[in-house]
Amino acid sequence: MLSVVIPAYNEQGMILKTAETISGILKNAEIPCELLFVDDGSKDGTWSAVEEASKRFPEVKGISFSRNFGKESAMFAGLANVTGDCCVVIDCDLQHPPEKIVEMYRLWEQGYEIVEGVKADRGEESFLHRLSANCFYGLISKATKIDMSRASDFKLLDRKAINVLLNMKEKGAFFRALSSWVGFRSTTVEFEVQERTVGASKWSTWSLIKYALSNITSFSTAPMQLVTILGVIILVFSLVLGGISLYQKIVGIALGGFTTVIMVQLFLGSIMMICLGIIGYYLAKIYEEMKGRPRFIVSKTCGKSEDDTKIIG
Ligand code: UDP
Ligand code: MG
């Protein structure tokens, strides 16, 4: 059986349409399936729409978080609560074309264990957004040694890969990169990003910046090494500057030099602050992981019994 995990946050207008479209497509292709909506603590009528959908379509199930935990958590909760032999993760807004699920499933039948959906193009985006996305993916691709520039969260995972992901203790996991990191026999399916028809993107610029920082630091320690490199560069500079000042002192031409002092101090001060900040960021990460808090907490279910639901994970 194929499971489809659909994270949804404030998507009341999309739920029924998405459920109908996906189950229609899979029925036509004669693929046995279940659809699991993960309501990520929505503030609108998303949950009642999911309940409505589960009454209307027998294959639709739903779980609802106690609050908003973010899309990463929603995807993991979905994976933890599906029973299929393979599972597709797809956005609720139909920006990922659902017809591609059939193509992914056929590839899985041929023995592929991970089928990645890659974006043929990145859709309509502002120049600034594209620039920062390129920066982010450049860094992440370096850190993971996998080309991530066209990666998306739209993918099919075999049961084996799902179990590996679920057994990882990492709380601040970055699904998009981890699913490639685990390896297995994988292939890709290209898709065009569709326009969003209902509602708006849930990402503000600030949340994207936080997302980028958190994912870079969870995959790479390079920024910490940056601190050392900066230190060495500044050491070289200060040796040169120290040498010059000493020479001037000895030959007796040492001037007031107030400007230099101020500038050097300001420069060193800010570099030091940045470095402390970087170290602090990793410390915070370690602290978060150490606490070992669950990634998600389920408060309600529909279309499936609470007994076989993973409530926290
Ligand atoms: N989403 C979620 N929790 C969040 C934010 C988003 O489950 O905190 C879901 C959202 O409902 C959608 C998917 O993640 O199904 C992608 O979100 P969105 O369309 O806002 O992102 P974009 O397509 O703009 O990258
Ligand atoms: Mg979207």
Side-chain angles (χ1 to χ4, degrees), residues 3-22 35-50 53 60-82 87-98 100-101 117-126 128-130 132-134 136-137 140 148-155 171-177 179 191-212 214-215 295-300 313:
S3 302
V4 183
V5 166
I6 313 161
Y9 178 55
N10 295 348
E11 304 272 9
Q12 59 175 356
M14 284 307 298
I15 302 286
L16 279 170
K17 189 167 171 233
T18 307
E20 198 181 343
T21 316
I22 297 180
L35 268 61
L36 179 66
F37 282 94
V38 184
D39 171 18
D40 186 7
S42 302
K43 292 179 183 66
D44 63 357
T46 300
W47 182 243
S48 33
V50 172
V60 171
K61 295 164 184 169
I63 55 178
S64 172
F65 283 178
S66 59
R67 64 169 170 87
N68 181 246
F69 279 89
K71 189 183 177 190
E72 297 285 318
S73 300
M75 290 187 291
F76 272 97
L79 292 181
N81 279 299
V82 290
C87 173
V88 166
V89 179
I90 186 169
D91 276 5
C92 189
D93 51 13
L94 294 182
Q95 280 189 295
H96 298 155
K100 292 282 172 185
I101 298 178
V118 296
K119 297 172 189 158
D121 63 89
R122 293 192 49 93
E124 285 288 305
E125 278 170 349
S126 71
L128 211 67
H129 189 116
R130 195 177 294 259
S132 37
N134 283 345
F136 170 62
Y137 284 115
I140 276 283
M148 299 280 304
S149 60
R150 290 153 71 219
S152 71
D153 286 329
F154 183 28
K155 50 187 89 205
K171 302 286 177 203
F174 181 33
F175 178 72
R176 202 173 291 188
S179 59
F191 71 89
E192 304 270 337
V193 181
Q194 308 293 309
E195 284 294 311
R196 197 181 232 285
T197 47
V198 179
S201 174
K202 307 294 178 297
W203 295 97
S204 63
T205 312
W206 180 236
S207 64
L208 275 176
I209 294 173
K210 276 202 300 197
Y211 181 72
S214 135
N215 290 324
R295 257 191 296 236
F296 61 85
I297 302 169
V298 173
S299 72
K300 284 174 281 189

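Values below: every heavy atom of this structure, side chains too, minus hydrogens, waters and symmetry copies. Counting starts at 1 for both ligands and their atoms, in listed order.
- The backbone N or O of Asp39 sits nowhere less than 3.5 Å from a side-chain atom of Ser42 that would complete a donor-acceptor pair.
- Judged by distance alone, with hydrogens and angles left aside, the side-chain atoms of Ser73 form no donor-acceptor pair with the main-chain N or O of Phe296 at under 3.5 Å.
- Figure legend: cation-pi geometry between Arg67 and Phe69, with NZ or CZ positioned under 6.0 Å from the six-membered ring centre and within 45° of its axis.
- Distances under 2.8 Å from the Mg ion (ligand 2) pick out the protein N/O/S atoms Asp93 OD2, Gln95 OE1.
- With Leu36 as reference, Asn81 is the one residue of Val60, Val50, Asn81, Ile6 to meet the side-chain contact (heavy atoms from CB on, under 4.5 Å) rule.
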Val118 vs Phe191, test: side-chain contact (heavy atoms from CB on, under 4.5 Å). Steps then yes/no.
CA-CA 6 Å; Val118 296; Phe191 71 89; 5.8 Å; no

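- Residues passing the salt bridge (charged side-chain N to carboxylate O under 4.0 Å, His left out) test with Lys71 are Asp91, Asp153, sequence neighbours excluded.
- Within 4.0 Å of ligand 1, protein heavy atoms belong to Pro7, Ala8, Tyr9, Glu11, Asp40, Asn68, Gly70, Lys71, Asp91, Cys92, Asp93, Gln95, Arg196, Ser201, Lys202, Trp203, listed by chain and number.
- In this structure, Met75 and Val5 approach most closely via the heavy-atom pair O-CG1, 4.3 Å.
- Shortest non-hydrogen contact noted between Asp44 and Glu11 is OD2-N, 3.6 Å.
- Partners of Asn68 under the side-chain contact (heavy atoms from CB on, under 4.5 Å) rule, at least two apart in sequence or in another chain, are Tyr9, Asp40.
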